[in-house]
Q: 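Dumping the structure here so I can ask a few things about it.
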Amino acid sequence: MSNLKVCIVGGVAGGASAAARLRRLNEEADITIYERSGYISYANCGLPYYIGGVIQEESALTLQTPQSFSKRFHVQVNVLHEVTAIDPKNKTIRVHPLQGGEDFTDTYDKLILSPGARPFIPALPGIDSPQIFTLRTVEDTLHINSWIQQNQPRSAVVVGGGFIGLEMAENLKRQGLAVTIVEQASHLLPPLDCDMACMVHDYLRQQGLTLKLGASVSGFAQHEKGLAISLSDGSRLSSDMVVLSAGVQPENGLAKSAGLKLGIKGSILVNANMQTSDPDIYAVGDAVEVLNPVTNQPAYVPLAGPANKQGRIAAGHIAGINNGYQGSLGASVVGLFGMTVAAVGVNESAAQRAGLSYDKVVTFSPHHATYYPGANNMTIKTLYSPDTGAILGAQLVGFDGVDKRCDILATAIRHHLTGADLAELELCYAPPYSSAKDPVNMAGFVIENIRSGLVRQYHWDDIPQLNGDNTVIQLDVRTPAEYAAGHIPGAISIPLDSLRERLDELDPKKSIYVNCQSSLRSYIACRILSQHGFTCYNLSGGYRFYQIVTKENEFDSAAAHPCGVKL
């Protein structure tokens, strides 16, 4: 291996990780990185926070400079050099120096492609305006930041409601701009189901953001006050600047021209060792297809964590180590004005597309002991197999402790744990950090109770079918004050602590659909009712979840709810 020559195209997450790992495994290899931008080993995920002023030093955006990386790892680092072609037969690449000079050819024994992904830029009228920006590289970040400092905009439109789009919206708002988010889908954050996203919508509106959901941009036009943005619903917005964040596409041009096989969404097809259809060419990061371990179907998951692991695996395989990549669960987290949103595995729409049989529970738990000051509740939606109890996916919305619980659930999914296993997990407990029954344990308890038949459940979108059905009774077991402050239409009020004494007010021939604020008191009510001969169903997530989801109707003039349910 002493004469092994390895060229790496792309020096950000996957490429830099591959170079560093390969050097640690082989001190004698000849390693060269070609990076199109002027920076390597930088954190894409940190770029919005420089614009918002959270990260104040430009140097903090890069983990290594080309010079420091080269010195530490004895790697030839060529920034501002674009690889324009690959000749797999002759094992050569063509390189174009972006700052002048002649194109040249380099040779390789092994080639690693880490070209990343490019922002999706729709072909729309006015798209070339200098007031329209994308964010992918350090150069993009510096350009946006400089433009804001020079032009002092007062308003911005962010097109796209994914993670980067929302982080940009938060940081532009932090700079004092009035921000509108335009999202083509019915809800923000694609990893979430619509009902969980409704909590995010409500919170972002409280922070002063304007949301335009279910509408896409149809064109831009310059006017004296900035940009006019036309939307597909016929409405128009006016803004000083626009940030396009409508998703990314794999940078597959080199691979496609070289005749390498492509997969889902045009991503580069690789095996578990990260080898392409040419065994001497590897590909890693945001350009490659991966396996979804839950569905066992191909997936495209452009995230930094998987990219770094894939770079490590490709380098290891080149050095003779076989640690195949096991796929990506898409574990992701975002912070928005103090709120934390996380997801892992499949959501309902993904499970339906994959043909998976699933059930779900929605739980509401404090992140630490309630008697200790500062406890914040988090909502956890957990999908599981009704046959085996195996955890398939989770979505979490809350504040403190959300990332910790999502990490636990990600581990549970990876290792095929069930709801019963969640119930038995022994997790750290002290009042400032958790409760004796951790939120993850609570999700497991509820799954166990449902699978064992101790309780039946219903969901917020079942309620429209209950209204007007004279074979059911909707029962609210909260306090009279809670009921008076707002309740499900048609529900009668019998507080939990009075339920045993008032059972004669309920018709045992009718099914009882019970709700409380969080679904805990209503579970206790169902256990009482079931043992007195009643058929009982508990509202998953409780009235608070129903209230937040149905609140979306206030912001949508259409007859149908954004989540596709008439209420």
Q: Given 3.5 Å as the limit, does a donor-acceptor pair link the side chain of N273 with the main chain of Q275, or not?
A: no

Q: Can you check whether V362's main-chain N or O pairs, donor with acceptor, with S540's side chain at less than 3.5 Å?
A: yes

Q: Among all residues two or more places apart in sequence or in another chain, which pass the side-chain hydrogen bond (donor to acceptor under 3.5 Å, both in side chains) test with R451?
A: none

Q: Would E167 and R174 count as a salt bridge (Lys or Arg N to Asp or Glu O under 4.0 Å) if you check the C-alpha gap in whole Å, the side-chain angles of each, and the deciding distance to 0.1 Å?
A: CA-CA 10 Å; E167 288 171 349; R174 188 177 280 125; over 6 Å; no

Q: Going by ring-ring contact (aromatic ring centres under 6.0 Å, His included), name the residues that satisfy it together with Y372, two or more places apart in sequence or in a different chain.
A: H368

Q: Answer yes if the side chains of D202 and Q206 hold a donor-acceptor pair under 3.5 Å, and no otherwise.
A: yes

Q: Between T535 and S511, do the side chains contain an N or O donor and an N or O acceptor separated by less than 3.5 Å?
A: no

Q: Please report the closest heavy-atom contact between A423 and N441, naming both atoms and the distance.
A: O-ND2, 3.7 Å

Q: Please list all pairs meeting ring pair (Phe, Tyr, Trp, His ring centres under 6.0 Å) that have one or both residues in residues 481-510, counting only residues at least two apart or in different chains.
A: Y483-H487

Q: Do L192 and V341 have side chains that approach each other closer than 4.5 Å (heavy atoms only, starting at C-beta)?
A: yes

Q: Nearest heavy-atom pair of T379 and M196: which atoms, and what distance?
A: O-CE, 3.7 Å

Q: Taking the basic N atoms (NZ, or NE/NH1/NH2) and the acidic carboxylate oxygens, is any pair closer than 4.0 Å for R478 and D476?
A: yes

Q: So with a 6.0 Å cut-off around CD of E424, is the heavy-atom count from everything else above 12?
A: no

Q: What is the minimum heavy-atom distance between V301 and S328, and which atoms define it?
A: CG1-OG, 3.4 Å

Q: Which residue pairs pass the ring pair (Phe, Tyr, Trp, His ring centres under 6.0 Å) test with at least one member in residues 492-513, sequence neighbours excluded?
A: Y458-Y513, Y513-Y537

Q: Answer yes or no: does atom NZ of K510 have more than 12 heavy-atom neighbours from other residues, nucleotides or ligands under 6.0 Å?
A: yes

Q: Got a sec: does the CD of E426 have more than 12 other heavy atoms crowding it under 6.0 Å?
A: no

Q: Looking at E482 and R544, is there a salt bridge between them, counting it only when a charged N and a carboxylate O are closer than 4.0 Å?
A: no

Q: Quick one about D193 and Q395 (side-chain donor to acceptor, distance below 3.5 Å, no hydrogens or angles considered), yes or no?
A: yes

Q: Side chain of N252, backbone of G266: donor and acceptor closer than 3.5 Å?
A: yes

Q: Does K381 come within less than 4.0 Å of E348, counting only side-chain N to carboxylate O?
A: yes

Q: Does the side chain of R414 reach to within under 4.5 Å of the side chain of P293, using non-hydrogen atoms?
A: yes

Q: So that I can tick it off, tell me whether R136 and D286 are bridged by a salt bridge, with the cut-off set at under 4.0 angstrom between side-chain N and carboxylate O.
A: yes

Q: Counting only heavy atoms from other residues, nucleotides and ligands, does the tally under 6.0 Å from CD of Q184 exceed 12?
A: no

Q: For H317, which residues count as a ring-ring contact (aromatic ring centres under 6.0 Å, His included) partner, sequence neighbours excluded?
A: Y282

Q: Would N538 and S519 count as a side chain to side chain donor-acceptor pair (under 3.5 Å) here? Give the steps.
A: CA-CA 7 Å; N538 185 23; S519 78; 4.5 Å; no

Q: Salt bridge or not between R502 and E505? Use side-chain N to carboxylate O under 4.0 Å.
A: yes

Q: Please, which pairs that meet salt bridge (charged side-chain N to carboxylate O under 4.0 Å, His left out) have at least one residue in residues 177-186, sequence neighbours excluded?
A: none

Q: If you compare all heavy atoms of G161 against all heavy atoms of P190, which two are closest, and at what distance to 0.1 Å?
A: O-CD, 4.3 Å

Q: Under the side chain to side chain donor-acceptor pair (under 3.5 Å) definition, can you give me all pairs with a residue in residues 385-394, not counting sequence neighbours?
A: S385-T388

Q: Answer yes or no for C563 and C198: SG-SG distance under 2.5 Å.
A: no

Q: Tabulate below the donor-acceptor pairs under 3.5 Å that side-chain atoms of residues 403-412 make, not counting sequence neighbours, or state none.
A:
unit_1: R405; atom_1: NE; unit_2: D438; atom_2: OD1; d: 3.2
unit_1: R405; atom_1: NE; unit_2: D438; atom_2: OD2; d: 3.3
unit_1: R405; atom_1: NH1; unit_2: G401; atom_2: O; d: 3.3
unit_1: R405; atom_1: NH2; unit_2: H367; atom_2: O; d: 3.1
unit_1: R405; atom_1: NH2; unit_2: S434; atom_2: OG; d: 3.3
unit_1: R405; atom_1: NH2; unit_2: D438; atom_2: OD1; d: 2.9
unit_1: T411; atom_1: OG1; unit_2: D407; atom_2: O; d: 3.0

Q: Is there any ring pair (Phe, Tyr, Trp, His ring centres under 6.0 Å) pair reaching into residues 390-429, and which pairs are they, with sequence neighbours excluded?
A: Y203-F399

Q: Test: ring pair (Phe, Tyr, Trp, His ring centres under 6.0 Å). Region: residues 290-310. Which pairs qualify, not counting sequence neighbours?
A: none

Q: Please identify each residue that fulfils side-chain contact (heavy atoms from CB on, under 4.5 Å) with A350, with sequence neighbours left out.
A: V346, N347, R353

Q: Working to the nearest 0.5 Å, report the span between CG of L188 and CG of L204.
A: 6.5 Å

Q: Checking Y325 now: which residues fulfil ring-ring contact (aromatic ring centres under 6.0 Å, His included) with it, not counting sequence neighbours?
A: none

Q: Please determine, by modelled atom types, if N515 and S522 share a side-chain donor-acceptor pair under 3.5 angstrom.
A: no

Q: Hey, what do you get for NZ (K212) to OG (S232), rounding to the nearest 0.5 Å?
A: 8.5 Å

Q: Got a second to check how far T340's OG1 is from M378's CE, nearest 0.5 Å?
A: 9.0 Å

